[in-house]
Participant: 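Before I ask anything, here is the structure I am working with.
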Amino acid sequence: MNNKDIYYSCVTLIAYEISQWLYNEIHYVWCTHYFDPPSRLNPYNSVPPSSNPRALYWSLMKDVEALDLHSSRINTVRAGIQRGAASRLHQGMIGASQYREILKLIRLAQPANFKPLMLVIPGAPVTAMLNAVTVAQRASLFSEEYIIESLPRNLFDAIEL
């Protein structure tokens, strides 16, 4: 187990903006203690590239910079935003018109709208919000991954690398 009191998450600009404007600054994040798990400076850990915040950031940035209209990474993000919007609609956080607006936004979004952002989340304020990712959902059986379903904007820093 990692004992650092900080978490990292890679999100996209469009997901960040939707959360800011349509979800009242409440963000859904998948995070880990490790910014760059394979770094020789980190102790051993099992967070693979598909959950590595640094790797996710730079692989997504490649597709954004290439203006890749067929990017599987961007399409995965689109699908995730759709699932998130359906969940928020079901929870009553948004109404049907906001849901339709989100679907239209992601359908019309261009690669530049999927520019990555790195979230840096101090651990102490979010301890009670952390949900360990189940073994079946983890990118690796022994990786440390967490979900924060409703992270208020004032509890993290968003940066561009």
Side-chain angles (χ1 to χ4, degrees), residues 1-65 71-74 76-94 102 106 112-161:
M1 277 307 252
N2 185 321
N3 60 3
K4 292 190 304 182
D5 197 25
I6 194 163
Y7 299 88
Y8 303 92
S9 182
C10 178
V11 301
T12 61
L13 183 59
I14 192 166
Y16 174 85
E17 293 293 345
I18 288 170
S19 293
Q20 282 295 104
W21 299 108
L22 297 169
Y23 300 156
N24 298 314
E25 300 185 9
I26 301 295
H27 298 257
Y28 176 96
V29 298
W30 194 296
C31 58
T32 183
H33 280 296
Y34 302 97
F35 169 71
D36 186 18
S39 169
R40 64 183 172 79
L41 303 174
N42 276 335
Y44 174 78
N45 65 79
S46 300
V47 180
S50 62
S51 285
N52 172 335
R54 182 179 182 270
L56 289 167
Y57 186 100
W58 290 112
S59 64
L60 188 55
M61 184 60 92
K62 281 183 190 178
D63 290 356
V64 167
E65 288 175 344
S71 165
S72 61
R73 289 175 194 90
I74 290 174
T76 298
V77 171
R78 282 182 206 272
I81 294 171
Q82 283 180 315
R83 282 191 311 276
S87 175
R88 300 292 197 194
L89 175 65
H90 180 71
Q91 294 168 14
M93 182 183 244
I94 60 172
I102 292 167
I106 60 173
N113 299 115
F114 294 89
K115 184 176 181 178
L117 297 173
M118 187 61 58
L119 303 188
V120 181
I121 309 161
V126 302
T127 301
M129 297 178 202
L130 291 168
N131 297 304
V133 174
T134 65
V135 173
Q137 292 180 301
R138 290 183 208 150
S140 174
L141 293 178
F142 298 104
S143 62
E144 291 180 62
E145 301 174 49
Y146 304 91
I147 293 172
I148 304 173
E149 293 189 22
S150 297
L151 179 65
R153 176 60 185 97
N154 66 325
L155 294 183
F156 66 87
D157 195 9
I159 58 174
E160 297 175 283
L161 304 179

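Owing to the predicted nature of the structure, the values given are computational and were not obtained by experimental measurement.
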Participant: If you define the side chain from C-beta out and look only at heavy atoms, does anything of I94 sit under 4.5 Å from Y23?
Facilitator: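 Heavy-atom side-chain distance check passes, below 4.5 Å.
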Participant: Are the side chain of H33 and the backbone of I6 linked by a donor-acceptor contact shorter than 3.5 Å?
Facilitator: yes
Participant: Classify the side-chain pair Y16/R153 by whether it contains a donor and acceptor separated by less than 3.5 Å.
Facilitator: yes
Participant: I want to check something: taking the side chain as every heavy atom from C-beta on, are R88 and I102 in contact at a cut-off of under 4.5 Å?
Facilitator: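 Side-chain contact under 4.5 Å: no.
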Participant: So which heavy atom on W30 is nearest to which on Q137, and how close?
Facilitator: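 Smallest interatomic distance, heavy atoms only, reads CZ2-O, 3.8 Å.
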Participant: Does some side-chain heavy atom of F114 sit less than 4.5 Å from a side-chain heavy atom of R73?
Facilitator: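 They are not in side-chain contact.
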Participant: Would you mind reporting whether S51 and R138 have side-chain heavy atoms less than 4.5 Å apart?
Facilitator: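 Answer no - side chains too far apart.
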Participant: If you round to the nearest 0.5 Å, how far is CG of L89 from CD of Q91?
Facilitator: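 Interatomic distance, Q91 CD to L89 CG, rounded to 0.5 Å: 9.5 Å.
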Participant: Restricting to non-hydrogen atoms, name the atom on Y146 and the atom on A132 that form the minimum distance, rounded to 0.1 Å.
Facilitator: CD2-CA, 3.8 Å
Participant: Rounded to the nearest 0.5 Å, what separates atom CD in E65 from atom CG in L60?
Facilitator: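 Answer for the CD-CG pair, E65 versus L60, is 10.0 Å.
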Participant: Would you mind reporting whether M61 and L161 have side-chain heavy atoms less than 4.5 Å apart?
Facilitator: no
Participant: Using a 6.0 Å cut-off, check whether atom CG of D157 has over 12 heavy atoms from anything other than its own residue.
Facilitator: yes
Participant: Taking all non-hydrogen atoms of both residues into account, name the closest pair between A139 and E145 and its distance.
Facilitator: N-OE2, 2.9 Å
Participant: Mind running side-chain contact (heavy atoms from CB on, under 4.5 Å) on R54 and Y8 for me, showing each step along the way?
Facilitator: CA-CA 9 Å; R54 182 179 182 270; Y8 303 92; over 6 Å; no
Participant: List the steps and the verdict of side-chain contact (heavy atoms from CB on, under 4.5 Å) for M129 and E149.
Facilitator: CA-CA 8 Å; M129 297 178 202; E149 293 189 22; over 6 Å; no
Participant: Mind checking whether V64 and N113 have side chains closer than 4.5 Å, heavy atoms only?
Facilitator: no
Participant: Hey, does I18 have a side-chain heavy atom less than 4.5 Å from the side chain of I106?
Facilitator: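 I106 vs I18: side chains touch.
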Participant: Return the OG to CG distance between S140 and N52, rounded to the nearest 0.5 Å.
Facilitator: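 The distance works out to 12.0 Å.
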Participant: Identify the two heavy atoms, one from L130 and one from C31, that lie closest to each other, and give their separation to 0.1 Å.
Facilitator: CD2-SG, 4.2 Å
Participant: Do the side chains of R83 and Y28 get nearer than 4.5 Å, heavy atoms only?
Facilitator: no
Participant: Between V77 and V11, is the side-chain contact (heavy atoms from CB on, under 4.5 Å) condition met? List the steps.
Facilitator: CA-CA 9 Å; V77 171; V11 301; over 6 Å; no
Participant: With rounding to the nearest 0.5 angstrom, report the CD1 to CD1 distance, I81 to I14.
Facilitator: 5.5 Å
Participant: Can you name the one residue among V29, L117, T32, L151 that meets side-chain contact (heavy atoms from CB on, under 4.5 Å) with S9?
Facilitator: V29
Participant: Please identify each residue that fulfils side chain to side chain contact (heavy atoms under 4.5 Å, CB included) with P122, with sequence neighbours left out.
Facilitator: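 Here the qualifying residues are P125.
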